[in-house]
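What follows is a single structure, written as structure tokens, with notes after it.
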Amino acid sequence: MFNKRIKIKELLQQEPAAQQVTVMGWVRTFRNNQFIALNDGSTNTNLQVVATLGMFEESLLKRITTSASLKITGTVVPSVGKGQKLEVKAETIEILGDSDAEAYPLQPKKHSLEFLREKAHLRFRTNTFGSVFRVRHALAFAVHKFFNEKGFVYLHTPIITASDAEGAGEMFRVTTLPFEDTPRNDDGSINFKEDFFGKSTNLTVSGQLEGELGATAFGEIYTFGPTFRAENSNTARHLAEFWMIEPEMAFYDLEDNANLAEAFIKYIIRYVLENNREDLDFLAQRLADEEKQLPQDKRSEMGLIEKLEFVLNNDFQRLSYTEAIDILRESNYNKKKKFQYPVTGWGMDLQSEHERYLVEKHFKKPVILMNYPASIKAFYMRINEDGKTVAAMDILAPGIGEIVGGSQREERLDVLLEKMEKMGIPEEELWWYLDTRRFGTVPHAGFGLGFERMIQFVTGMSNIRDVIAFPRTPKSAEF
């Protein structure tokens, strides 16, 4: 039976005691018609299987090619080779699936990440992506573990929505209307009454607004699902489809929110360090090798593991937006015009380069920026007593800039209505959201963490397309 197999990771942790085992996996290499390096995806470490010379038919040995899948039964014996304490002496070898070695795109050599993106259906079989996606899995599991331990309710918010939570307008439309004969109103606008939902709908950019509804009943909820942004951006930081973790908490203020976000980030990093050390060590070495090619001033001051441990062992630096602007304005970077976007002064929207300067050059640790100008933030953020700023916070991480965005939400109905009117947000579209302010409103707060950016931070991968299985970007929806 197939399910009697032992995974290679589990087997490599055992002592060789002449036990008989069945292993299954894909061939990485086959040397001297005798030594098979077998991998089943549970670890980057291959299992050496020895096919004793003269024991197997030549016709069978010819089919043991790179990426062919095998079922092998044999005896575990101490290894005489370097780097492994055990190997399997094969007694039976069954080919489960042949692989044409010459046609197989991933030859046993180093491939560029750009090349592997074109082969995203096969790139999981490489060591780099094996490690990245095992870490992604562990981070996802740790997310649920953290919130479950704190008594949060996991809420599934809609993927199809009629609201634009961020007000950005860069949304993918969901429709069943025919392109060639779209029904129109008398004024030429599209008649959405004929559409499936009877109104204009889109793929969600955030589950936050619906999450707030849950928080005002359960106290503390979190969402963890796909979100979509139709931003025509081809950078290493943007995807059209990505995953967001969005907790919403009743009876929280901005400081409570920042404390939870910091604890959350530390928890999931600690989980991966404790449970995926082999993969992190591999990724750390990969990053170190990659950085050797860079000029000295472009290299990271810390290795990957060192950086993750530093985040765990230090409090995040907290400061106001106003303090950040002063630091940036007075910086040598600004005075010597090294910023692509000059620091013009209070009220400007910070760019990634400004965020990274604060984190990487000035404080040299993660930063929580708080209390932004109301003019550059969303309608739902709570106005502070000064009337100019809102109780917003962003957490900035080394290497990628903003990793968390959140705020205390505006719970006062009159203030919220006034802000919506100023920003041109129709009251009738969000009647359900406003009801939470009519019926037992409470101070509440929440944040969103971009899951892929978090994975980038933990794995050291520089391009966001390399931490999601099948990246969706402008002009690209392969696989």
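Between Arg117 and Asp466, at least one side-chain nitrogen of the basic residue sits less than 4.0 Å from a carboxylate oxygen of the acidic one, meeting the salt-bridge criterion. Between Arg409 and Glu248 there is a salt bridge, since a side-chain N of the basic residue sits under 4.0 Å from a carboxylate O of the acidic one. A salt bridge between Arg382 and Glu411 is present, with a side-chain N of the basic residue lying under 4.0 Å from a carboxylate O of the acidic one. Salt bridge absent: Glu10 and Arg5 never bring a charged side-chain N and a carboxylate O closer than 4.0 Å. Using a 4.0 Å cut-off between charged side-chain N and carboxylate O, Glu290 and Arg286 make a salt bridge. The pair Lys365-Asp315 does not count as a salt bridge, with every side-chain nitrogen at least 4.0 angstrom from each carboxylate oxygen. Using a 4.0 Å cut-off between a side-chain N of Lys or Arg and a carboxylate O of Asp or Glu, Arg229 and Glu241 do not qualify as a salt bridge. Of the charged side-chain nitrogens involved, none lies within less than 4.0 Å of a carboxylate oxygen, so that Lys199 and Asp195 do not count as a salt-bridged pair. In this structure, Glu421 does not pair ionically with Lys419, as no charged nitrogen and carboxylate oxygen lie closer than 4.0 Å.
Inspection of the Glu309 and Asn313 side chains reveals no N or O donor paired with an N or O acceptor under 3.5 Å. In this model, no donor atom of one side chain and acceptor atom of the other lie less than 3.5 Å apart for Thr157 and Gln208. A side-chain N or O of Glu323 and one of Ser320 form a donor-acceptor pair less than 3.5 Å apart. Between Trp243 and Thr227, the side chains place no donor N or O within less than 3.5 Å of an acceptor N or O (distance only, hydrogens not considered). Between Ser206 and Glu246, the side chains place a donor N or O and an acceptor N or O closer than 3.5 Å (distance only, hydrogens not considered). Using a 3.5 Å distance cut-off with no hydrogens or angles, the side chains of Glu291 and Ser300 do pair a donor with an acceptor. A side-chain N or O of Arg28 and one of Asn127 form a donor-acceptor pair less than 3.5 Å apart.
At least one donor-acceptor pair closer than 3.5 Å links the side chain of Asn185 to the backbone N or O of Ile190. At least one donor-acceptor pair closer than 3.5 Å links the side chain of Arg134 to the backbone N or O of Gly41. Side-chain N or O atoms of Ser331 include one that pairs as donor or acceptor with a backbone N or O of Asn334 at under 3.5 Å. In this structure a side-chain-to-backbone donor-acceptor pair under 3.5 Å is missing from Ser476 to Thr473. A donor-acceptor pair is defined here as one N or O able to donate and one able to accept, closer than 3.5 Å; no such pair exists between the side chain of Arg237 and the backbone of Arg453. The main-chain N or O of Asp386 is never found under 3.5 Å from a side-chain atom of Asn384 such that the two would form a donor-acceptor pair. Side-chain atoms of Arg465 never come within 3.5 Å of backbone atoms of Leu239 as a donor-acceptor pair (strictly under, hydrogens ignored). Remark: side-chain polar atoms of Glu429 are not paired, donor with acceptor, to backbone N or O of Ile425 under 3.5 angstrom. Asn191 places a side-chain N or O within donor-acceptor distance of the main-chain N or O of Lys193, the cut-off being under 3.5 Å. Not one N or O on the side chain of Glu170 forms a donor-acceptor pair closer than 3.5 Å with the backbone of Glu231.
The two residues Tyr321 and Ile376 come nearest to each other via the heavy atoms CE1-CD1, 4.4 Å. What you find for Ile395 and Ala261 is that their closest heavy atoms are CD1-CB, 3.6 Å. The heavy-atom pair separating His444 from Glu212 by the smallest distance is NE2-OE1, 2.7 Å. Residues Asn371 and Ala391 come closest through the heavy atom pair OD1-CA, 3.7 Å. Here the shortest heavy-atom pairing between Asn314 and Glu262 reads O-OE2, 4.2 Å. Closest heavy-atom contact between Leu417 and Glu427: CD2-CD, 3.5 Å.
Of the options Phe218, Phe152, Phe224, Tyr154, a ring-ring contact (aromatic ring centres under 6.0 Å, His included) to Phe147 is made by Phe152 and by none of the others. Of the candidates Phe129, Phe470, Phe479, Phe470 is the only one forming a ring-ring contact (aromatic ring centres under 6.0 Å, His included) with Phe124.
For the pair Lys150 and Phe264, the cation-pi criterion (under 6.0 Å, within 45° of the ring axis) is not fulfilled. A cation-pi arrangement, defined by a distance under 6.0 Å to the six-membered ring centre and an angle within 45 degrees of its axis, is present between Arg437 and Tyr433.
Ring planes of Tyr333 and Phe339: tilted class, angle from 30 to 60°. Using bins of under 30°, 30° to 60° and over 60° for the plane-to-plane angle, the ring pair Phe141/Tyr271 lands in the tilted bin.
Counting heavy atoms from C-beta outward, Thr223 and His156 have side chains that stay 4.5 Å or more apart. With contacts defined as side-chain heavy-atom distances shorter than 4.5 Å, the pair Phe228/Val174 does not qualify.
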Between Ser131 and Asn44, does a side chain to side chain donor-acceptor pair (under 3.5 Å) hold up when you go through it step by step? CA-CA 7 Å; Ser131 288; Asn44 276 347; 2.7 Å; yes
Given the rule in the side chain to side chain donor-acceptor pair (under 3.5 Å) test, do Arg184 and Ser189 qualify, once you have shown the distances and angles that lead to the verdict? CA-CA 6 Å; Arg184 301 274 174 181; Ser189 60; over 6 Å; no
